[in-house]
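A short write-up of the structure that comes next.
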Amino acid sequence: AIRMPSEVEAQTESAWVLAHALLSEWGRKQLGQFGVEPEMIFNRWTDWWFRFLDRCFTAGQVLGGPRQYAALVEHFSALVKGIEQNRGTESPKLAAALRKIGHVHRFMGRYAVAETCYRRSLTIGEKGLGPEDPDTLTDLNSLGLVLASRGDLDAAERILDQALRAYERVRGMEHPETLTCINSLANVLADRNDYPRAESLYRRVLEVRRRTLGEEHADTLGSLNNLATILRDQGNLTGAELLYRQTLEARERTLGLQHR
């Protein structure tokens, strides 16, 4: 489970990150005058940004919250421009930066901006790495998610179905990334009220996770909860209640009664 930062920690993190961003950009521009190798400055600068963006992705939120995000948006643009100038407009590093920035925009609900980032990263990846490279598939899956968030369920289903077929070929039928894509597609189908197809996919994910992760793994219980919800949405209240109870009892055993 991810430990969310306290309010004090978030404020400290916010101030530190913004200060570091400003100093990093100032240093990148100034240190070259003192004979520091520009390549080293560039690598240190981008590596720091990538670590920060990866931490946001792991936490599922912008570290420091909305105020932090507002302060950093213009620096995201500087990161993209810096990579374009140093690595070119079709480099894998640029695609990685756009992908990571896209995640942050998506967390903040700026879906149109996130979609632009994902589409550009996807285009770079398809041309440079190929349509079935793992990073390209990540971009395809992320694009499907943000389209679903924007309410374009037809396009989301089409993109996620394309991603799933590629994941199955590249990663295999039971790889965690394949299962995550299946679950994302099932969510879209559920939003479209295509309950039978969504249920079939949820059952598929649950079966694999039970077998590979165990009955009480957090991901397995998440899948059990998803199946309960889709049964409820179809009016099968008895079946849904049984699965909800199983999920609750397993979480009480593994996490304790006081866990939220």
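Keep in mind that this is a model prediction, so the values were computed, not measured.
- Remark: Y118 engages H103 in a ring pair (Phe, Tyr, Trp, His ring centres under 6.0 Å) (not counting sequence neighbours).
- When all heavy atoms of C181 and N141 are compared, the closest pair comes out as SG-OD1, 3.5 Å.
- By the 6.0 Å and 45° rule, K100 does not stack over the aromatic ring of F57.
- Contacts of L248 classified as side chain to side chain contact (heavy atoms under 4.5 Å, CB included), with partners at least two apart in sequence or in another chain: E252.
- Checking N225 against Y202 by side-chain atom types alone, no donor-acceptor pair falls below 3.5 Å.
- One N or O on the side chain of S149 and one on the backbone of L145 form a donor-acceptor pair closer than 3.5 Å.
- Partners of R204 according to the side chain to side chain contact (heavy atoms under 4.5 Å, CB included) rule, which considers only residues two or more places apart in sequence or in another chain, are E168, M173, I182.
- In the displayed structure, R245 atom CZ is contacted under 6.0 Å by at most 12 heavy atoms of other residues, nucleotides or ligands.
- Side chain of Q68 to main chain of L63: a donor-acceptor pair is present (N/O by atom type, distance under 3.5 Å, no hydrogens or angles).
- Looking at residues two or more places apart in sequence or on another chain, you find no side chain to side chain donor-acceptor pair (under 3.5 Å) involving S142.
- In the hydrophobic clustering, L213 connects to no other residue, as no ILVMFWY side-chain heavy atoms lie under 4.5 Å from its own.
- Taking the side chain as every heavy atom from C-beta outward, L79 and L53 approach each other to under 4.5 Å.
- Residue pairs meeting the salt bridge (charged side-chain N to carboxylate O under 4.0 Å, His left out) criterion with at least one member in residues 80-92, sequence neighbours excluded: E39-R87, E84-R120, E90-K127.
- For the atom pair OG1 of T229 and OH of Y195, the computed distance is 11.0 Å after rounding to the nearest 0.5 Å.
- Scanning all heavy atoms of the two residues, the minimum distance from R232 to Y244 falls at NH1-OH, 3.6 Å.
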Are R211 and E174 close enough, and set up right, to give a side-chain contact (heavy atoms from CB on, under 4.5 Å), and what steps lead you there? CA-CA 10 Å; R211 179 160 39 81; E174 298 186 355; 2.7 Å; yes
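- Applying the salt bridge (charged side-chain N to carboxylate O under 4.0 Å, His left out) test to pairs two or more places apart or on separate chains, those with a residue in residues 216-225 are E216-R253.
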Between L224 and R210, does a side-chain contact (heavy atoms from CB on, under 4.5 Å) hold up when you go through it step by step? CA-CA 9 Å; L224 192 63; R210 274 176 163 164; 3.5 Å; yes
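- In the hydrophobic cluster analysis, where Ile, Leu, Val, Met, Phe, Trp and Tyr join through side-chain heavy atoms closer than 4.5 angstrom, V62 is grouped together with V80.
- L72 and I101 fall within the same hydrophobic cluster, defined by Ile, Leu, Val, Met, Phe, Trp and Tyr side-chain heavy atoms under 4.5 Å apart, directly or through other members.
- Connection of L153 to L160 is established within a shared hydrophobic cluster, with ILVMFWY side chains joined at heavy-atom distances below 4.5 Å, either directly or through further cluster members.
- The local environment of CZ in R44 is sparse, with at most 12 non-hydrogen atoms from other residues, nucleotides or ligands closer than 6.0 Å.
- Aromatic ring pairs are classed by plane angle as parallel below 30°, tilted from 30° to 60° and perpendicular above 60°; the pair F52 and W49 is perpendicular.
- By the criterion of side-chain heavy atoms lying less than 4.5 angstrom apart, applied directly or through intervening Ile, Leu, Val, Met, Phe, Trp or Tyr residues, Y167 is not grouped with V208; the two fall into different hydrophobic clusters.
- From D154, atom CG reaches atom CZ of R192 across 4.0 Å, with rounding to the nearest 0.5 Å.
- With rounding to the nearest 0.5 Å, the separation of CZ in R165 from CG in L137 is 12.0 Å.
- Sorted by first and then second residue, the salt bridge (charged side-chain N to carboxylate O under 4.0 Å, His left out) pairs with a member in residues 175-187 read R171-E177; sequence neighbours excluded.
- For Y69 against H105, the heavy-atom pair with the smallest separation is OH-ND1, 2.6 Å.
- Residue pairs meeting the salt bridge (charged side-chain N to carboxylate O under 4.0 Å, His left out) criterion with at least one member in residues 133-145, sequence neighbours excluded, are R99-D139.
- Between R203 and E207, none of the side-chain N atoms (NZ, or NE/NH1/NH2) sits under 4.0 Å from a carboxylate O, so this pair counts as no salt bridge.
- Linking ILVMFWY side-chain heavy atoms closer than 4.5 Å, directly or via other members, places I159 and L122 in a single hydrophobic cluster.
- A distance of 9.5 Å separates CZ in R158 from CG in L143, rounded to the nearest 0.5 Å.
- The backbone N or O of C117 lies less than 3.5 Å from no partner atom in the side chain of S121, so there is not a single donor-acceptor pair.
- Taking E115 as the reference, R119, R150 meet the side chain to side chain donor-acceptor pair (under 3.5 Å) condition, with sequence neighbours excluded.
- Of all non-hydrogen atoms in I124 and S91, the two that sit nearest each other are CG2-O, 3.7 Å.
- The distance from the OG1 atom of T89 to the CD1 atom of I83 is 12.0 Å, given to the nearest 0.5 Å.
- For the pair R51 and D47, the salt-bridge criterion is not met [side-chain N within less than 4.0 Å of a carboxylate O].
- Note: L221 CG to R251 CZ = 5.5 Å, rounded to the nearest 0.5 Å.
- Put simply, the side chain of D161 never gets that close to the backbone of E157: no donor and acceptor are under 3.5 Å apart.
- Under the side chain to side chain donor-acceptor pair (under 3.5 Å) criterion, D152 pairs with no residue at all, not counting sequence neighbours.
- Counting all heavy atoms, side chain and backbone alike, G88 lies closest to L94 at O-CD2, 3.8 Å.
- T220 places no side-chain N or O within 3.5 Å of a backbone atom of E215 that could act as its donor or acceptor partner.
- Under the 3.5 Å distance criterion, the side-chain polar atoms of T247 are matched with a main-chain donor or acceptor of L243.
- The minimum heavy-atom distance linking F50 with K93 is given by the pair CZ-O, 3.6 Å.
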Apply side-chain contact (heavy atoms from CB on, under 4.5 Å) to the pair V205 and N226, showing each step before the final yes or no. CA-CA 10 Å; V205 174; N226 287 339; over 6 Å; no
Between Y111 and L147, is the side-chain contact (heavy atoms from CB on, under 4.5 Å) condition met? List the steps. CA-CA 8 Å; Y111 301 128; L147 288 171; over 6 Å; no
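- Remark: N236 engages no residue in a side chain to side chain donor-acceptor pair (under 3.5 Å) (not counting sequence neighbours).
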